[in-house]
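All ligand and atom numbering here is 1-based and tracks the order in the structure.
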Amino acid sequence: MSSLATAVKLARDGQRFLLTCHVLPDADALGSMLGLAVILRTLGKEVYLYNRDPVPPQLRFLPGWEDVRAVLPAGAKYDATFITDTAARSLLPKHFPPKAITGPIVIVDHHHAHDDFGDVVLRDTNACATAVVVLELAAALGVRPVPPAAATPLYTAMVADTGGFRYPGTTAATLRTAAELLEAGVDPWTVASNVFECWSMARMRLLGLAINALETEYAGRIAVLMVPQSMLNAAGATDEMAEGLVEYGRMLAGVEISIMLWERRARADETADGGTRTKISFRSAGRADVSRVAVTLGGGGHRAAAGATVLMDLRTARERALAQAGRELGIER
Ligand SMILES: [Mn+2]
C-alpha cells in the first residue's frame, strides 16, 4: 500500500487523533495542523491539537487557533498522530509521548528528511508548503474542496511559505491551489496583513536598529545582521520579534546570502545550564543552498531559507556561520 493509502486507512479506521507540529511553530506548521483538524472533524473524527509553544500573536486570527493546547490530557491514547511540517524527531519537544499513547505516527511534510522518523510518511519536497500535502490527503479522503474553516489556515500556510507567492517554489499549480482556497471563501488581505504586517512598534524599532547595524562581508556577497540582547532591550522587543528580519539583508543588491544572528534565552527544558544560545537564520537570494550551510551548524531547512541554534556566543557563531556560508559560495577564508 502507498503511504497515502495507509494514511487514508488510518484516518478512516481511527476515531481519536493527536495533531502536532514542530516546536516554535510557524504559519505552515500551524496552518497545516489547523486545516487537517477541520478535515478530520468533517469526517466525524475527534482531534486534539497540541504544541508546547504558544501560537505566535500574528497567527491568532486563524480559525481554531485557541484549540491548540500546550499540554496533553492525562491518560489519553490516540489511534494515530499526525505531525505537520516537521523534518526530524529533534524538532519535537523532549518528553514527546511514546508510541503507546500516540499510536502510529504520520508525517505530513515538505522538507528533506533529517532522519527516518514516522511510521507513515507523506513527504513532497516539491510542494511549496506542507499545506499542499494536507490538501493532497484531503482529496484522498474525499474532503475537497475543503470547508472554509480549513481553507483559511491552509492558504495562510501557502502565503507564508512562498513569501506571498514570490519564492522560486511558486508554480502554476501553487496558484491554482491558492485559487481553489479563495473560492472556498478565504479573504486574502486578512491573511496577508496578519502574516506580513500588523507589526508592533517594538518590532519596527528593532528593525531600525538591526538595519542600522547591517554589515556586508565577502565583497558584499554576504549580509550580516546581528541582534544582541542589548538591541532587543533597546527596542523593547522580545527575541521572537527578530524572526524574519534576515530577509532585509537579502534585499540588498548583490547579496547572495543573508545571515542573521540573535541571542535567544534558552528554555529550561532545552539546556541544562539555562544559558544563552545564538539563533542563526539564513536566506539565499539565488543559487546558494543555505540548508547545506545550516546543516553544518546542526540545523536545517530549505534551499532558500534555513536556520540553526548553536550553543555559542554571538561573535563565535558569526565567525562559524560566515565561514560556512563563504564555503557554500566557494570562498575559502
Ligand atoms: Mn513549511
Side-chain angles (χ1 to χ4, degrees), residues 3 7 19-37 39 49-51 53 55-56 58-59 62 65 68 82-92 105-115 117-118 121-138 146 150-171 173-175 177-178 181 186 191-192 194-196 240 243-244 246-247 250 279-284 289-295 299-309:
S3 298
L19 271 57
T20 189
C21 56
H22 58 76
V23 296
L24 302 171
D26 59 12
D28 189 24
L30 279 171
S32 295
M33 183 168 115
L34 293 170
L36 181 57
I39 290 159
L49 302 174
Y50 166 67
N51 197 293
D53 293 322
V55 173
Q58 74 273 17
L59 297 177
L62 292 174
W65 76 266
V68 181
F82 291 83
I83 305 182
T84 53
D85 201 48
T86 305
R89 194 181 301 270
S90 60
L91 298 171
L92 291 176
I105 287 180
V106 183
I107 302 296
V108 186
D109 191 23
H110 71 133
H111 298 91
H112 289 281
H114 297 190
D115 59 20
F117 171 49
V121 180
L122 304 181
R123 182 182 306 289
D124 181 356
T125 55
N126 291 315
C128 67
T130 293
V132 172
V133 188
V134 170
L135 282 159
E136 286 162 14
L137 177 58
V146 295
T152 294
L154 294 171
Y155 179 86
T156 301
M158 292 181 72
V159 164
D161 268 29
T162 59
F165 304 113
R166 289 179 303 159
Y167 297 158
T170 308
T171 62
T174 307
L175 296 180
T177 304
L181 297 173
V186 175
V191 173
N194 277 284
V195 170
F196 298 120
E240 311 89 76
E243 199 78 53
V246 62
E247 290 172 11
R250 188 186 55 199
K279 189 161 177 193
I280 315 174
S281 270
F282 298 96
R283 292 292 185 276
S284 169
D289 180 352
V290 290
S291 72
R292 290 201 297 234
V293 181
V295 164
H302 300 280
R303 203 182 165 77
T309 301

Taking it one step at a time, do D161 and H302 satisfy side chain to side chain donor-acceptor pair (under 3.5 Å)?
-> CA-CA 10 Å; D161 268 29; H302 300 280; 4.8 Å; no
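Taking all atoms of both residues into account, the shortest heavy-atom contact from Y155 to V186 is CD2-CG1, 3.5 Å.
Here the Mn ion (ligand 1) has protein N, O or S atoms under 2.8 Å from it, and they come to 4.
Side-chain atoms of S284 do not come within 3.5 Å of backbone N or O of A304 as any donor-acceptor pair. Under a 3.5 Å cut-off, the side chain of T20 and the backbone N or O of Y50 do form a donor-acceptor pair.
Inspection of the T174 and T171 side chains reveals an N or O donor paired with an N or O acceptor under 3.5 Å.
When H22, M33, M158, H110 are each tested for a side-chain contact (heavy atoms from CB on, under 4.5 Å) with D28, only one passes: H110.
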